[in-house]
A.B. asks: 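One structure is given below, represented as structure tokens, and several questions about it will come after.
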Amino acid sequence: MSTELRRARNRQMVIFLLVCTGMVVLSSRLYYWQITNGPRLAAAANAEHIQNQTVSAPRGLIYDANGALLATNVVRDDVYIEPSQLVTDYPDAYQSERDTLVQKLHSVLTDTSLGTLKNALNSASPTVRIATSITPEQSQKLQNLHLPYTFLEPRTWRTYPGGDLASQILGYVQEQDGASNVVPQGIYGIEKKYNTLLAGKSGSFTAETDLNGNPLTVGSSSEQGVVNSANITLTIDSTIQYEMQQALTQRVKEMNAESGSAIVLNVKTGAIVAMAGAPSFDPNNYGVYAANNGCRNQLQVYSNPVLYCAYEPGSTMKVVTMAAALDLHLIKPTDTIDDTGTLSFADGTPAVSNWEGKGYGIETMTQVLQHSANVGAAWVATQKLGAQRFYPYLANFGFGQATGVLEPESAGLYRSNTDPGWSPSDLARQSFGQSILVTPLQMAVAYQAIANGGTMMQPYLVSSINSNGHATTTQPRVKRQIIHAATSKTLTQMLVSVAQSEHISVPGYHVAIKTGTSTIQGLPDTNTDASVAGYLPASNPQFVILVELDHPTASIYGGSAAGPLWANIAQQLMWHYSIPPDDPASLRP
């Protein structure tokens, strides 16, 4: 073989080997990019032109009984800046550009200091939020300024048009800071109990997009629908709620009380017409009240004292004691005792005394209520009823049991003859409202049963729930029959006479009430809880009202401290609902 031919073949072999080597290298790279890193690159490519968006469900609305909005939603903008981009674009003139931007931002966001804005623009972060939930006017001004490195992000916020109106019923919504895809949570009250219904369920939208992020009409897309939130209508009447809240707050101040509560129940249905505590809070700015306490300065102000602030009811409990004895025909209103001011017991039970040891001599059972005599109530409980009869009535009236209206709720507390540590002294003292803890709602429900011919209704706060067009309405529900209708009528007549003796009246109406002045164990007798519970019109009861003041000092007695507020609320109810008078003679001059 010639030398030239050999050289030619060698060159061909070299070229062939080079080609083979190149193909091996190329195949390796193809394998690396397509097989080894293929899924990662595909995901990155999809991320550039496929967007997943969360579609939030607006939180459900809350209405009062007449359709007035108690809780709704508004869209407000948060303001963000891009500090790092400003540095990148103006490495040499950064400080000058920053100061100019700070001045323009401050001209609109006047509540944000110049120092705060400068610090934010000095940040190394890509984005910094400098203002939250600005007003629509501020949003418009910023848009008109066309400021660089500044953008607005709309966010839905919960708002309460009435401010503190019914706030301890509604609760509040805690926004999730900087996490728009996280559903805000209801805290306390209706917002908490019905959070799942009010929140609904967010949906999602996935679509191919162009370079500007706009969905392509010819691209593929998928959607998971939003589950709409429910709207809730309460039994609360905003007019009565407002009047009662204002009057309660004023009375707590006038009596120099630590706190107070009030509730109105519909006698026939058990619906809660109004329910308030003082002090209260504004759910639009709930964080401001984090250090504030409500009931007796012991509970957070967010808690509803009508449901959660248990107290010794004092003499309002005497009505329950009388109801049990009358119902069992163990006493009549005209039966008498000789009240010396003190009742002693042969079994070693500590003696029971009236307020300041005062004796009333021969008095009827009606006069026991008029005089609010501890001796008379203890005599009925210990000498007529006994533990075996008394405690079943106490349980049937609902004491020691949560109603389930809202959480948190106290069940109250008392010892019965089947509990460890019980003694006959408990029976004697419970008959006139000591050695037992009840909530204002429990006591109001007990009076509702008495007013309603002995029939206890389940108290309720939600009138209806409208979920995706499907409305569920709460129907009044009988809980149980506590006393006979005849007992209810007799007891009502006795309570009308109590109102007359206490000089608590509503012109044009017979009212049935009992006052309570309970002393606090371990504290001076001047440290009391003052209350009034009752209903009207007495001839055809429509509303139960309970008012309770914690530790008033301007006047310590139930009648003088809480009585005027009770009468005020009662008068407002009669006017508002145009209830016909059942005592027109009292209207004559």
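These numbers come from the heavy atoms of this one structure, side chains and all, not from hydrogens, waters or symmetry mates. Predicted model, so just to flag it, every value in this text is computed and none were measured.
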A.B. asks: Please check if the side chain of N285 supplies one atom and the backbone of V288 the other of a donor-acceptor pair under 3.5 Å.
C.D. replies: no
A.B. asks: Is there a side-chain contact between L546 and Y447 (heavy atoms, below 4.5 Å)?
C.D. replies: no
A.B. asks: Within a 6.0 Å radius of atom OH on Y242, are there more than 12 heavy atoms belonging to other residues, nucleotides or ligands?
C.D. replies: no
A.B. asks: Short question: side chain of N256, backbone of T553 - any donor-acceptor pair under 3.5 Å?
C.D. replies: no
A.B. asks: Quick one: are F281 and Y188 in side-chain contact, heavy atoms under 4.5 Å?
C.D. replies: no
A.B. asks: Can R158 and I62 be said to form a side chain to side chain contact (heavy atoms under 4.5 Å, CB included), step by step?
C.D. replies: CA-CA 11 Å; R158 195 62 156 171; I62 303 176; 3.8 Å; yes
A.B. asks: Side-chain contact, heavy-atom cut-off 4.5 Å: L326 with M365?
C.D. replies: no
A.B. asks: Looking at side-chain heavy atoms only, is the closest gap between T349 and S425 below 4.5 Å?
C.D. replies: yes
A.B. asks: If we ignore hydrogens and angles and just use 3.5 Å, is the side chain of Q542 paired with the main-chain N or O of N540 as donor and acceptor?
C.D. replies: yes
A.B. asks: Given 3.5 Å as the limit, does a donor-acceptor pair link the side chain of N452 with the main chain of T455, or not?
C.D. replies: yes
A.B. asks: For Y308, does the OH atom have more than 12 heavy-atom neighbours from other residues, nucleotides or ligands under 6.0 Å away?
C.D. replies: no
A.B. asks: With a 4.5 Å heavy-atom cut-off, do D237 and H576 have their side chains touching?
C.D. replies: yes
A.B. asks: Looking at S539, is its backbone amide N or carbonyl O close enough to the side chain of D582 to form a donor-acceptor pair, meaning the two atoms are under 3.5 Å apart?
C.D. replies: yes
A.B. asks: Is there a side chain to side chain contact (heavy atoms under 4.5 Å, CB included) between N568 and E243 once you walk through the steps?
C.D. replies: CA-CA 9 Å; N568 181 334; E243 295 289 345; 6.0 Å; no
A.B. asks: For Q458, does the CD atom have more than 12 heavy-atom neighbours from other residues, nucleotides or ligands under 6.0 Å away?
C.D. replies: yes
A.B. asks: Given side chains that start at C-beta, do those of Y460 and T269 come closer than 4.5 Å, heavy atoms only?
C.D. replies: yes
A.B. asks: Are the side chain of S259 and the backbone N or O of R296 linked by a donor-acceptor pair below 3.5 Å?
C.D. replies: yes
A.B. asks: Under 3.5 Å, is there a donor-acceptor pair between the Q246 and Q250 side chains?
C.D. replies: no
A.B. asks: Between N231 and G60, is there a donor-acceptor pair closer than 3.5 Å when you use the side chain of the first and the backbone of the second?
C.D. replies: no
A.B. asks: With a 6.0 Å cut-off (strictly less than), is the heavy-atom count around NZ of K192, excluding the residue itself, greater than 12?
C.D. replies: no
A.B. asks: With distance as the sole test, does E254 use its side chain to make a donor-acceptor pair with the main-chain N or O of R251 at under 3.5 Å?
C.D. replies: no
A.B. asks: Indicate yes or no for a side-chain donor-acceptor contact from S303 to the backbone of P305 under 3.5 Å, with no hydrogens or angles considered.
C.D. replies: no
A.B. asks: Passes side chain to side chain contact (heavy atoms under 4.5 Å, CB included), I232 versus L198? Steps please.
C.D. replies: CA-CA 8 Å; I232 294 178; L198 288 166; 3.9 Å; yes
A.B. asks: Would you kindly say whether T439 and E409 are connected by a side-chain donor-acceptor distance under 3.5 Å?
C.D. replies: no
A.B. asks: Kindly indicate, with the supporting measurements, whether the criterion side chain to side chain donor-acceptor pair (under 3.5 Å) is fulfilled by S416 and T418.
C.D. replies: CA-CA 5 Å; S416 73; T418 61; 3.0 Å; yes
A.B. asks: Can you check whether S280's main-chain N or O pairs, donor with acceptor, with Q168's side chain at less than 3.5 Å?
C.D. replies: no
A.B. asks: Does the side chain of V173 come within less than 4.5 Å of Y160's, by heavy atoms?
C.D. replies: yes
A.B. asks: Indicate, with yes or no, if the rings of Y286 and Y302 have centres closer together than 6.0 Å.
C.D. replies: no
A.B. asks: May I ask you to test the F432-N354 pair for a side-chain heavy-atom distance under 4.5 Å?
C.D. replies: no
A.B. asks: Distance only, no hydrogens: is a donor on one side chain within 3.5 Å (strictly under) of an acceptor on the other, for T490 and K332?
C.D. replies: no
A.B. asks: Could you go step by step and tell me if I545 and L536 meet the side chain to side chain contact (heavy atoms under 4.5 Å, CB included) rule?
C.D. replies: CA-CA 9 Å; I545 309 163; L536 79 165; 4.0 Å; yes
A.B. asks: Say you draw a straight line from CD of E312 to OG of S518; how long is it, rounded to the nearest 0.5 Å?
C.D. replies: 6.5 Å
A.B. asks: Can T528 and T517 be counted as having a side-chain donor-acceptor contact under 3.5 angstrom?
C.D. replies: no
